[in-house]
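First up is the structure itself, then whatever we jot down about it.
In what follows, every chain begins at residue 1, and chains take the letters A, B, ... in the order their sequences are listed.
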Amino acid sequence: MSRDEMRALQGKRLRETVERVYANTPFYRKKMQEMGIMPEDIQTVDDIVKLPFTVKTDLRDQYPFGLFASPMSEIVRMHASSGTTGKPVVAGYTRKDLGIWSEVLARTFSAGGCDSRDIFHIAFGYGLFTGGLGAHSGAERIGASVIPISSGNTEKQIQLMTDFGSTVLCCTPSYALYLAESIHKKGLQDKLKLRVGFFGAEPWTEEMRHEIEEKLRLKAFDIYGLTEIIGPGVSYNCSCQNGMHINEDHFLPEIVDPETLQPVAPGQVGELVFTTITKEGMPLLRYRTKDLTRLVYEPCECGRTNVRMEKIMGRSDDMLIIRGVNVFPTQIESVLLEFAEAAPHYHLYVDRVNNTDTFEVHVEMRPEFFSDNMSRMLDLKKRISARIQSVLGISAEVKLVEPNSIPRSEGKARRVTDKRNVYANK
Amino acid sequence: MNIIQQLSVFLENKAGRVSELTKILGQAGINLSAFTIAESSDFGMMRVVVSEPQRAKDLLKEHGFAVSLTDVVCLQTPNTPGSLNKALAILSENGVGIAYMYAFAEGDHARVILSPDNLNDCVRVLLDNKQRLIDADEIYSF
């Protein structure tokens with residue numbers, strides 16, 4: 001499908017969705033009225049910028065069913081995300097929505113080279129979490145044989161995987177690694193018939209992908225999604241594994257500057273925003289995912305013309321504004337990965353001195369690269385600074401610190417100390 | 001054995017780091033014969049001659065220090081005006097450059113640790129010109 005055809009289809013579906021939420025969802029009707037927007041103001045995809053954003057707290061405030069656009073008699077399924085704080089986020093699906101969901105997942109699995117001859121081992125959790133039942137419906141849709149084993153009980157997972165000859169594994173990447181280690185401990189790696197894996201629901205790195213591929217001897221594909229939009233299947237890897245194709249005929253993506261909320265220039269990094277344009281049960285307008293990435297509109301080598309998103313580069317919550325420049329800690333990390341002499345452990349210190357922001361990057365040196373040569377050490381500092389300047393467009397004072405001196409933390413590492421009290425009043 | 005193994009230790013500019021190092025070496029019974037600290041704006045480099053370089057290195061590494069061993073020479077000159085200049089003139093006439101040096105004088109002698117750009121040339125021209133170099137065994141047991 002050409003870009004023009006896609007945009008025409010998206011425009012039509014966007015209009016229908018706006019009409020639907022205006023008529024059925026008091027939350028959106030009120031927001032649009034406050035902004036002076038009527039459904040007829042939305043004619044093409046470009047008009048999307050007139051529409052209000054939706055954020056996670058809106059979903060919490062509207063708990064449980066305030067954003068549903070279908071009567072309960074038409075809702076056939078509900079899912080919810082765990083939510084670490086406060087109330088869970090609830091999603092309602094009509095029969096048509098479930099059809100869309102299984103379709104986008106069928107595309108995901110087909111793009112990974114799977115078909116009806118495959119045996120799907122689905123180790124995502126089944127239940128309120130969208131992973132298990134979502135992947136299940138997509139695998140059934142392509143006619144594969146499905147083992148709905150759900151998560152946990154690693155012994156049993158390994159037993160069924162080897163006895164049943166599972167060819168496809170679906171689970172979180174961290175669980176895939178855990179499974180792989182358990183399999184290697186038992187020396188059962190030769191008994192595996194896995195050839196493909198679909199992993200998602202948490203961030204993972206290219207290094208993890210390589211490790212999973214090597215240990216489980218399969219090709220590992222990324223699968224992206226969020227409960228608010230539909231669950232897994234919002235976007236997927238094709239065999240090129242070069243970015244994730246977005247199912248943009250159902251989920252219309254935008255990239256905005258997380259601070260100004262204005263669209264960024266094409267190809268720039270910003271916050272990913274989705275509008276669901278075919279869902280009935282709980283359509284969302286311009287939902288801010290908080291995930292940072294960029295969109296690639298060039299056709300993929302695989303031949304698919306739908307837009308790709310790059311791997312998630314970070315969360316907009318982590319964004320710093322230093323001397324007016326948006327800085328994401330993950331950008332610093334990617335710069336450091338280019339330097340063999342530096343460990344990817346860093347801490348950012350931001351302060352304001354004489355009304356000017358100061359920006360220090362503390363970098364751990366790898367002990368094996370330490371040398372008696374002082375000028376070589378100073379040169380390393382200089383090269384890292386120069387690279388930060390060219391990638392981020394901002395100068396930074398790089399300080400080399402001792403190995404293992406930056407605290408390691410599980411999960412979300414606290415890598416930033418912002419001593420400016422600029423947000424004190426917020 | 002005219003070549004001396006010197007410990008080079010990366011020091012982050014923070015309080016108590018040097019005393020931590022001397023404590024570790026002291027408790028292990030390793031003696032310091034000479035040292036110098038070079039500093040830049042945010043980190044320092046401590047160069048130390050100790051009684052057991054390899055053991056000291058392993059020990060400091062275990063304690064999380066970035067540390068390496070560097071070959072240096074120790075020149076001994078009379079503690080009289082012009083003596084050091086004589087030795088340095090020999091080196092410069094023979095094209096041997098020096099990255100850094102540190103020295104200490106007491107009584108009749110002065111001792112100078114040199115880190116030359118070419119270690120073998122440095123040793124050769126100094127010995128050829130009748131300069132006295134301190135042996136490793138000798139300096140480690142100072």
Do other residues, nucleotides or ligands put more than 12 heavy atoms under 6.0 Å from [X] [atom1]?
{"X": "B:Glu106", "atom1": "CD", "answer": "no"}
{"X": "A:Glu214", "atom1": "CD", "answer": "no"}
{"X": "A:Gln389", "atom1": "CD", "answer": "yes"}
{"X": "A:Arg376", "atom1": "CZ", "answer": "no"}
{"X": "B:Phe35", "atom1": "CZ", "answer": "no"}

What part of B:Ala99 is in contact with chain A, defined as an atom under 4.5 angstrom from a non-hydrogen atom: side chain, backbone, both or neither?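 Contact with chain A involves no heavy atom of B:Ala99 at all.
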
With only heavy atoms counted, which part of B:Ser40 is less than 4.5 Å from chain A, the side chain, the backbone, both or neither? both

Check side chain to side chain contact (heavy atoms under 4.5 Å, CB included) between B:Asp128 and all other residues, then give those that pass, not counting sequence neighbours. B:Arg124

Could you tell me whether the side chain of A:Met377 reaches within less than 4.5 Å of the side chain of B:Phe10, counting heavy atoms only? yes

Check whether any side-chain heavy atom of A:Met365 sits under 4.5 Å from a side-chain heavy atom of B:Phe43, and report yes or no. no

Partner chain B: residue of A:Pro403, A:Ser375, A:Pro367 with the largest heavy-atom pair count (under 4.5 Å):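 Top count of heavy-atom pairs under 4.5 Å with chain B: A:Pro403.
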
Shortest non-hydrogen pair, A:Ser405 vs B:Glu12, comes out as OG-OE1, 3.4 Å

Please find the pair of heavy atoms, one from B:Met45 and one from A:Asp372, that lie closest to each other, and give the distance.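 So the minimum-distance heavy-atom pair works out to CE-O, 3.4 Å.
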
Chain A: which of B:Leu69, B:Val67, B:Leu11, B:Leu7 shares the most heavy-atom pairs with it under 4.5 Å?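 Greatest number of close heavy-atom pairs with chain A: B:Val67.
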
What part of A:Asn404 is in contact with chain B, defined as an atom under 4.5 angstrom from a non-hydrogen atom: side chain, backbone, both or neither? neither

